[in-house]
Amino acid sequence: MLLGTVLVLLLAGAAPASAHAALRSTDPDDGSLVRQAPRHVTLTFTESVGLLDDSFRVFGPDQRRVHTGEATHADGRSDTARVGLPGKLAEGTYTVAWRVVSADSHPVSGAFSFSVGKRSATTGQIDTGPAEDPLTRGLYDGARYLAYLAAALLVGTVAFALLCRPAHTAPLRRPLVAGWWTLLGSTAVLLLLRAPYEAGTGPAEAFDASALGRTLTGRPGLALLARLLVLLLTAALLIWWSRRRDSVKRPVALAIGTALATALALTWAAAEHASAGIQVPVAMTSSVVHLLATGVWLGGLVALLLTLRRSSGDDLVEVVPRFSRIAFASVTVLAVTGLYQSWRGLGSLSALSGTSYGRLLLAKLAGVAVLLLVAGYSRRWTARIAAPAAPARAAVPAPVPQPVGAPAEGHEAAEGPATGEPGTSGEGKSPGEPESPDGPAGPGAGSGDPGIRRRLRRSVLVEVAVAAVVLMITTVLTGTLPSRAEAEAAQQAPVGALPPTTEITVPFDTGTDSVTGSGKVLVTLDPARVGENGLQAVVYGSDMGLVAVPEVRITFTLPSREVGPIDAELADRGGYWSTNSVNLPLAGEWTMKTTVRVSDVDQVSVERRVRVEP
């Protein structure tokens with residue numbers, strides 16, 4: 001049981017699977033130079049994605065936004081996103097910022113660039129749109145955590161009442177009502193915040209009717225609506241059961257409750273990690289069973305805590321062992337499903353320490369260690385309550401003379417006068433010591449001891465608190481990129497960020513006193529990768545103003561491979577020097593030699609190191 005619990009909380013929770021869409025390719029390619037302007041921009045992802053009204057932002061060489069068409073799926077494929085471009089695009093470098101919603105309901109975003117005809121400088125800061133609003137994300141994650149807690153409380157309380165059958169269910173009404181209302185409220189908040197969470201905007205957009213309308217047509221929004229419907233049906237069932245409790249058979253109520261709990265768990269599985277990645281049918285089934293087992297176990301702990309405070313000692317003798325068996329079954333289920341879900345998300349053991357996802361799993365392990373210590377302490381007091389106690393010793397009458405051969409009176413008392421059943425002598429047994437195997441099973445030894453019940457309540461309370469912390473870590477885990485998806489994304493071409501642009505400042509001094517005799521050259525190499533690159537050089541004089549010089553020449557040499565010099569063949573563009581066809585064939589530390597000629601006889605050459613990426 002301890003091993004199962006370790007596996008559950010190390011590898012489980014509402015465990016993420018391999019999800020979070022990774023960008024597989026772009027058309028045009030990231031950093032490419034095309035001769036003719038493309039009609040569309042197309043992205044292909046590793047899984048299906050949802051589109052937003054503002055899924056694409058395209059910026060031209062002048063850093064102004066380009067008017068685009070509506071984002072659609074290319075050729076009807078759900079793993080693609082496409083946007084139309086204007087008929088005529090000016091020459092230069094274009095930046096495309098994108099944002100979509102992956103199949104696991106989490107938004108993903110990035111940016112890339114391509115050039116039409118020639119490359120242009122992209123050194124200015126481009127507003128590619130919001131990546132994430134911290135307040136919206138905080139509110140959304142808080143609501144998700146409350147939803148997990150409330151669902152566990154609701155499912156666990158009902159399961160405790162139906163399976164453990166406490167004599168008095170009045171103490172369970174308050175957590176039942178609290179769980180229902182909390183889940184209802186958190187679901188409503190998630191529904192309102194869904195649009196700004198996807199768009200990366202502030203929470204004020206939650207009250208935009210058009211944004212809410214878009215949410216209600218997407219899969220996450222539909223799942224939240226289904227959760228609200230299940231909650232209303234659950235409320236109707238609870239009211240019906242409370243009014244007709246005596247006439248409703250327990251198996252019927254248990255079957256209906258199981259169906260509603262399963263439907264409730266499906267609202268998570270159908271819209272989050274289990275619905276994307278590998279082995280989706282198996283993963284969704286595992287996720288539903290996992291969520292149900294979590295609710296029965298964690299919510300059952302809360303119900304047990306309240307029962308310990310309000311119920312009589314005799315009632316605990318039956319309730320505590322029942323819950324112990326149910327908890328053991330739940331932990332076993334959690335161990336199996338949690339191990340499977342973590343295999344989907346983790347991918348490899350090395351990811352435990354090398355990724356955020358793996359480090360969160362290790363943090364859960366620390367919480368598990370504390371929980372196991374508390375659980376071992378609770379087990380001692382649970383055994384004391386559940387153990388049968390010896391009955392009170394009956395008064396033994398004074399011995400009377402018996403015929404020879406007749407059974408002694410003490411022997412008759414021990415076996416019973418007529419049936420041979422055990423008697424009540426109990427000689428030599430203390431009141432709290434269990435009876436022999438042949439003795440009657442009386443009330444639990446500690447069921448009526450206030451001290452034992454108090455200690456058990458305290459340990460169960462600590463268990464609930466630690467489990468709540470572990471569930472909080474799990475909530476963060478569900479929003480973290482799984483290690484398997486992270487590794488898959490790393491294997492793709494570098495995307496998701498603005499193209500690299502290298503700026504090199506080259507100071508020069510020809511020894512003359514004129515304004516152009518000294519200053520600096522600002523060189524921009526774009527994208528500083530193997531292959532064709534664009535290069536721009538702007539000359540500043542000693543007064544930091546732009547100056548015109550007769551010649552700027554730049555060459556590249558790779559000493560480690562004895563390549564070069566490669567002349568950039570800069571052309572005077574009337575204020576700056578540039579070229580769009582510097583071909584650097586190898587990655588490495590290149591030497592860039594910049595020669596500035598300020599007159600017929602005055603010139604100077606300066607060398608600088610430049611890193612060229614693969």
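Note: hydrogens, waters and symmetry copies are ignored here, and every other heavy atom, side chains too, is used. This chain uses plain numbering: 1 for the first residue, then up along the sequence.
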> Which heavy atom of L558 sits nearest a heavy atom of A587, and at what distance?
Replying inline: CD2-O, 4.3 Å

>> I'd like to check F508 versus V539 (side-chain heavy atoms, cut-off strictly below 4.5 Å). Are they in contact?
In response: yes

> Which pair of heavy atoms, one from P220 and one from A271, lies closest together, and at what distance?
Replying inline: CA-CB, 4.1 Å

> Is any side-chain heavy atom of I566 closer than 4.5 Å to a side-chain heavy atom of P585?
Replying inline: yes

> Where do R608 and V523 land on the side chain to side chain contact (heavy atoms under 4.5 Å, CB included) test, with the steps shown first?
Replying inline: CA-CA 11 Å; R608 285 288 184 271; V523 180; over 6 Å; no

>> Side chains of L224 and T267, heavy atoms from C-beta outward: is any pair under 4.5 Å?
In response: no

Residues 600-607 side chain polar contacts: donor-acceptor under 3.5 Å, at least two apart:
unit_1, atom_1, unit_2, atom_2, d
D602, OD2, S599, OG, 3.0
S605, OG, T595, OG1, 2.7

> Which residue pairs pass the side chain to side chain donor-acceptor pair (under 3.5 Å) test when at least one of the two sits in residues 81-92, sequence neighbours left out?
Replying inline: T42-R82

>> Please enumerate all residues that pass side chain to side chain donor-acceptor pair (under 3.5 Å) together with S55, with sequence neighbours excluded.
In response: none

> Between D133 and T201, does a side chain to side chain contact (heavy atoms under 4.5 Å, CB included) hold up when you go through it step by step?
Replying inline: CA-CA 5 Å; D133 184 84; T201 56; 5.8 Å; no

> Under 3.5 Å, side chain of T557 to main-chain N/O of G564, donor-acceptor pair present?
Replying inline: no

> According to the salt bridge (charged side-chain N to carboxylate O under 4.0 Å, His left out) rule, which pairs have a member within residues 556-567, sequence neighbours left out?
Replying inline: none

> Mind checking what makes side chain to side chain donor-acceptor pair (under 3.5 Å) contact with N583, not counting sequence neighbours?
Replying inline: none

>> Tell me whether S287 contacts the main-chain N or O of A283 through its side chain, where contact means a donor paired with an acceptor under 3.5 Å.
In response: no

> Got a second to check how far Y540's OH is from S518's OG, nearest 0.5 Å?
Replying inline: 15.5 Å

> Rounded to the nearest 0.5 Å, how far does CG of L212 lie from CD of E205?
Replying inline: 11.0 Å

>> Can a donor-acceptor pair be found, under 3.5 Å and without considering hydrogens, that links the side chain of D30 to the backbone of S113?
In response: yes

> By side chain to side chain donor-acceptor pair (under 3.5 Å), which residues pair with Y140, not counting sequence neighbours?
Replying inline: R194

>> Would you say D29 and S32 are linked by a side-chain donor-acceptor pair, where the criterion is simply a distance under 3.5 Å?
In response: no

> At their closest point, which heavy atom of A147 faces which heavy atom of R227, and how far apart are they?
Replying inline: CB-NH1, 4.3 Å

> Mind checking what makes side-chain contact (heavy atoms from CB on, under 4.5 Å) contact with V66, not counting sequence neighbours?
Replying inline: V58, P86, L89, Y94

> Which heavy atom of E589 sits nearest a heavy atom of R609, and at what distance?
Replying inline: O-NH1, 3.8 Å

> Roughly how far, to the nearest 0.5 Å, is CG of L570 from CD of Q536?
Replying inline: 9.5 Å

> Are the side chains of Y197 and L190 in touch, meaning some heavy atoms are under 4.5 Å apart?
Replying inline: no

> Which value, rounded to the nearest 0.5 Å, describes the distance between S286 atom OG and Q279 atom CD?
Replying inline: 10.0 Å

> Taking only residues two or more places apart in sequence, or in another chain, which ones meet T80 in a side chain to side chain donor-acceptor pair (under 3.5 Å)?
Replying inline: none

> Which pairs count as side chain to side chain donor-acceptor pair (under 3.5 Å) when at least one residue sits in residues 65-76, sequence neighbours excluded?
Replying inline: D54-R65

> With E551, which residues qualify under salt bridge (Lys or Arg N to Asp or Glu O under 4.0 Å), at least two apart?
Replying inline: R553, R597

> Got a second to check how far T594's OG1 is from F556's CZ, nearest 0.5 Å?
Replying inline: 7.5 Å

>> Nearest 0.5 angstrom please: L43 CG to D79 CG, how far?
In response: 11.0 Å

>> I want to check something: taking the side chain as every heavy atom from C-beta on, are W577 and I554 in contact at a cut-off of under 4.5 Å?
In response: no

> Does the pair L191 and T215 meet the rule for a side chain to side chain contact (heavy atoms under 4.5 Å, CB included), with working shown?
Replying inline: CA-CA 8 Å; L191 196 60; T215 296; 4.2 Å; yes

>> Tell me whether S186 contacts the main-chain N or O of T182 through its side chain, where contact means a donor paired with an acceptor under 3.5 Å.
In response: yes

>> One pair to check against side chain to side chain contact (heavy atoms under 4.5 Å, CB included): L525 and L584. What are the steps and the verdict?
In response: CA-CA 11 Å; L525 185 64; L584 303 177; 4.3 Å; yes

>> Taking side-chain contact (heavy atoms from CB on, under 4.5 Å) as the definition, give me every residue that meets it alongside R64, ordered by chain and number, with sequence neighbours left out.
In response: D62

>> Quick check: closest heavy atoms across P28 and V41, and the distance to 0.1 Å?
In response: CD-CG2, 4.4 Å

>> The criterion is side-chain contact (heavy atoms from CB on, under 4.5 Å); which residues satisfy it with L139, sequence neighbours excluded?
In response: L135, L193, P203

> Can you name the closest pair of heavy atoms from T93 and S115 and give their distance?
Replying inline: OG1-OG, 2.8 Å

> Are T26 and F114 close enough that some pair of their side-chain heavy atoms sits under 4.5 Å apart?
Replying inline: no

>> Does any part of the side chain of D509, heavy atoms only, come nearer than 4.5 Å to the side chain of S542, both counted from C-beta?
In response: no

> With under 30° as parallel and over 60° as perpendicular, where do the rings of W98 and F45 fit, or are they tilted in between?
Replying inline: perpendicular

